[in-house]
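Since the structure comes first, as structure tokens, the remarks are kept for the end.
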Amino acid sequence: MRALSAAADLLPRRGDYLLQPAAVRSDLLAGLTVGVVALPLALAFGISSGVGAAAGLATAVVAGIVAAVFGGSHHQVSGPTGAMAVILAPVVATHGLGSLALVTAAAGLIVLVLGLARLGRIVTFIPWPVVEGFTLGIACIIFLQQVPAAVGVSADAGHNTLVTAVAAVGSAVEAADLRLLAWTLGSVAVVGLAMMALPRVHGSIPASLIGVAAVTVVAELTSAPLARIGALPDTLPVPTLPSVELGALRDLAGAAVAIAALAAIESLLSIRVAAAMKHTGNPDGTVYEPDRELVGQGLASLASGMFGGMPATGAIARTAVNIRAGARTRLAAVTHALVILAVIYLATGPVSRIPLAALAGVLMVTAVRMVSLPSARAVLRVNRSSALTFAVTAVVTLAFDLVQAIEIGLVIAAFFTLRTIARAAGVHRDPLPGPAAPGDEHIALYRLEGSMFFGAADRVMAQVTTESTRDDVQVVVLRLSRVHLVDATAAKALAELIEGLERRDRTVLVKGVQDRHRNVLTTVGTLAKLRHENHLFTTLDGAIEHARSHVRRAAEGRDVPQLHPRVVR
């Protein structure tokens, strides 16, 4: 019962829908608009991933409904996406189409567990340059994947997209079939022009669908030599559980983790973008719920796998269309899926005659639109570290692996961030406060500030050691009140500093240890290195007065008491 109570906020609730005539009408119109836009994308992404157009349609319907009901945003539209098609294509090429159901279900289960574990905020740890570089790399891959279809050449799956695209162009030139090349390039051009020009006439025009329909009609009337989608099922498949074999599961484990990571990141980024758009507040006052979104996307992929679909994610472009079309609640996303379901039952014949080149044009324009030139220019101009992170992430995404690209991008971003934080940490020798007193030249007051961690500790402590041993210093006062962070490495370095100065007959006084740092300094034994427990102060005046008393004793020829170190509590 406690577990069910804790998970109650991850379940659908009455506030997810506004059953008011105006809201329902707005949602139905928005859902119809998104469904028309999503239809060619579902077909194209299914084909480009190697699982077929039918799998793309099934994903758009099943995952679209499940994610809308259980997800964490009232405006998110889910289904097959370009990034998922990119990462799924080599998996299908390597392990065969029979691996689709198992890897989809396994990835969905992982995403579901992430949501139940309340890890929905992980996307906030991905830096902006990494996101922009990842998006650029994905866009390049999607565009290059369509080159073979655009020039009328079949391509082998599982190879690097850049190499495949170059080889496809070479094969088309060698074949010298000018009629086929003209038809394929013309189809891509017509769809591209429609998608770029028609929205300028009116934003609600389904440009991609009109472009694809125009190319299909002309191709049918002229018997053009264009490859078509082919026969499609006129019903959804009967849901079945994927067969689980330990050997197959072991082989697909890495792919399932990669797909789950991509599904989680892309879906969370999508609802984050949606939340940044105007008028996206939920009826219950929340903007979005990341943990619930992961639960919804996990369930969506599980359901999609049972119906022969591919892993699903939140789709940024379709979500944006949904918002701009006036969606108010989740009913709009459910309606979009029902529109595609109606196509499956009523119009698979005409859909099967769509030329692949037309869908290639849809994806090429979609890829170009994924990249925001102002954002890319801004990242490149911020500083060299952001520009390098952006460029490396994009190159690794294009040349190697999507998940590796994010990992490497995070490592690079973390390196530059730590370097910046380390440079901000420093030590300064301050003059003693108040009127000067005899012997003040023998007292060194050091102010440590910033974050004392493994990246800065040795440099800061070495500076204190060098200056304290070079000058005629008898007492060293360390001010720690402006230190924001102390990790175990810095605490150990500080202990070694105190011990080394004490061995050189420099008395060390410490002032301003914050309560949040006391535990690590005590555990590592830093404070135990002080000569006496009274050498730990809360005020600067008290520390300076104590330091001057040590100097006076030395000037008067009296020995300063050498007490054994004691643990400071």
Side-chain angles (χ1 to χ4, degrees), residues 7-19 23-24 26-31 33-35 37-38 41 59-81 83-84 108 111-112 114-124 126 131 260 262-304 311-338:
D9 60 333
L10 301 177
L11 300 175
R13 43 188 176 268
R14 183 181 301 177
D16 291 343
Y17 301 92
L18 284 175
L19 298 180
V24 171
S26 179
D27 285 336
L28 292 177
L29 290 175
T33 302
V34 180
V37 171
L41 292 175
T59 306
V61 174
V62 177
I65 293 175
V66 174
V69 172
F70 292 94
S73 169
H74 287 248
H75 303 90
Q76 177 91 291
V77 177
S78 301
T81 61
M84 188 57 68
V111 176
L112 176 61
L114 292 176
L116 295 175
R118 310 285 177 163
L119 296 178
R121 296 290 178 183
I122 56 175
V123 72
T124 60
I126 302 178
V131 174
L262 178 63
I265 292 171
E266 189 173 13
S267 299
L268 293 174
L269 284 176
S270 180
I271 61 171
R272 190 176 175 185
V273 170
M277 300 179 68
K278 293 182 179 180
H279 310 302
T280 59
N282 292 339
D284 58 3
T286 60
V287 178
Y288 64 89
E289 301 169 84
D291 296 324
R292 185 178 171 187
E293 179 64 21
L294 291 182
V295 170
Q297 294 297 336
L299 293 174
S301 288
L302 284 169
S304 177
T313 72
I316 296 176
R318 274 157 276 174
T319 300
V321 171
N322 192 38
I323 293 171
R324 295 191 184 104
R328 302 279 297 279
T329 72
R330 300 162 188 266
L331 179 61
V334 173
T335 302
H336 126 274
L338 295 178

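The analysis underlying the following values was restricted to heavy atoms, covering all of them including side chains, and did not include hydrogens, waters or symmetry mates.
- Interatomic distance, R121 CZ to L268 CG, rounded to the nearest 0.5 Å: 9.5 Å.
- Between I65 and L338 there is a side-chain heavy-atom pair separated by less than 4.5 Å.
- For T313 against A263, the heavy-atom pair with the smallest separation is CG2-CA, 3.4 Å.
- Between the D27 side chain and the L331 main chain, no donor and acceptor come within less than 3.5 Å of each other.
- Nearest heavy-atom pair, M84 versus P311, reported as atom, atom and distance to 0.1 Å: CG-O, 3.4 Å.
- V69 has its side chain out of reach of R330: every pair of non-hydrogen atoms, C-beta onward, lies at least 4.5 Å apart.
- Nearest heavy atoms, A327 versus S26: N-OG, 4.3 Å.
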*Going through the checks in order, is the side-chain contact (heavy atoms from CB on, under 4.5 Å) test met by N322 and H336?*
CA-CA 9 Å; N322 192 38; H336 126 274; over 6 Å; no

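- Using a 4.5 Å cut-off on side-chain heavy atoms (C-beta onward), H75 and S270 make no contact.
- Under the 3.5 Å distance criterion, the side-chain polar atoms of Q297 are left unmatched by any main-chain donor or acceptor of G71.
- Interatomic distance, CG of L11 versus CZ of F70, reported as 8.0 Å (0.5 Å rounding).
- Put simply, the side chain of T319 gets close to the backbone of V77: a donor and an acceptor are under 3.5 Å apart.
- How far CD1 of I126 is from CD1 of I265: 4.0 Å, rounded to the nearest 0.5 Å.
- Taking both residues in full, the closest heavy atoms of T81 and E266 are given as OG1-OE1, 3.2 Å, listed atom of the first, atom of the second, then distance.
- Side-chain contact of S267 with E293: a donor-acceptor pair under 3.5 Å is absent, judged by distance alone.
- Shortest non-hydrogen contact noted between I271 and P290 is CD1-CA, 4.2 Å.
- Of all non-hydrogen atoms in L119 and D291, the two that sit nearest each other are N-OD1, 3.4 Å.
- Counting heavy atoms from C-beta outward, L302 and L112 have side chains that approach closer than 4.5 Å.
- Considering OG1 of T335 and CG of L28, their distance stands at 4.5 Å, rounded to 0.5 Å.
- How far CZ of R318 is from CD1 of I323: 14.0 Å, rounded to the nearest 0.5 Å.
- Put simply, the side chain of S304 never gets that close to the backbone of A300: no donor and acceptor are under 3.5 Å apart.
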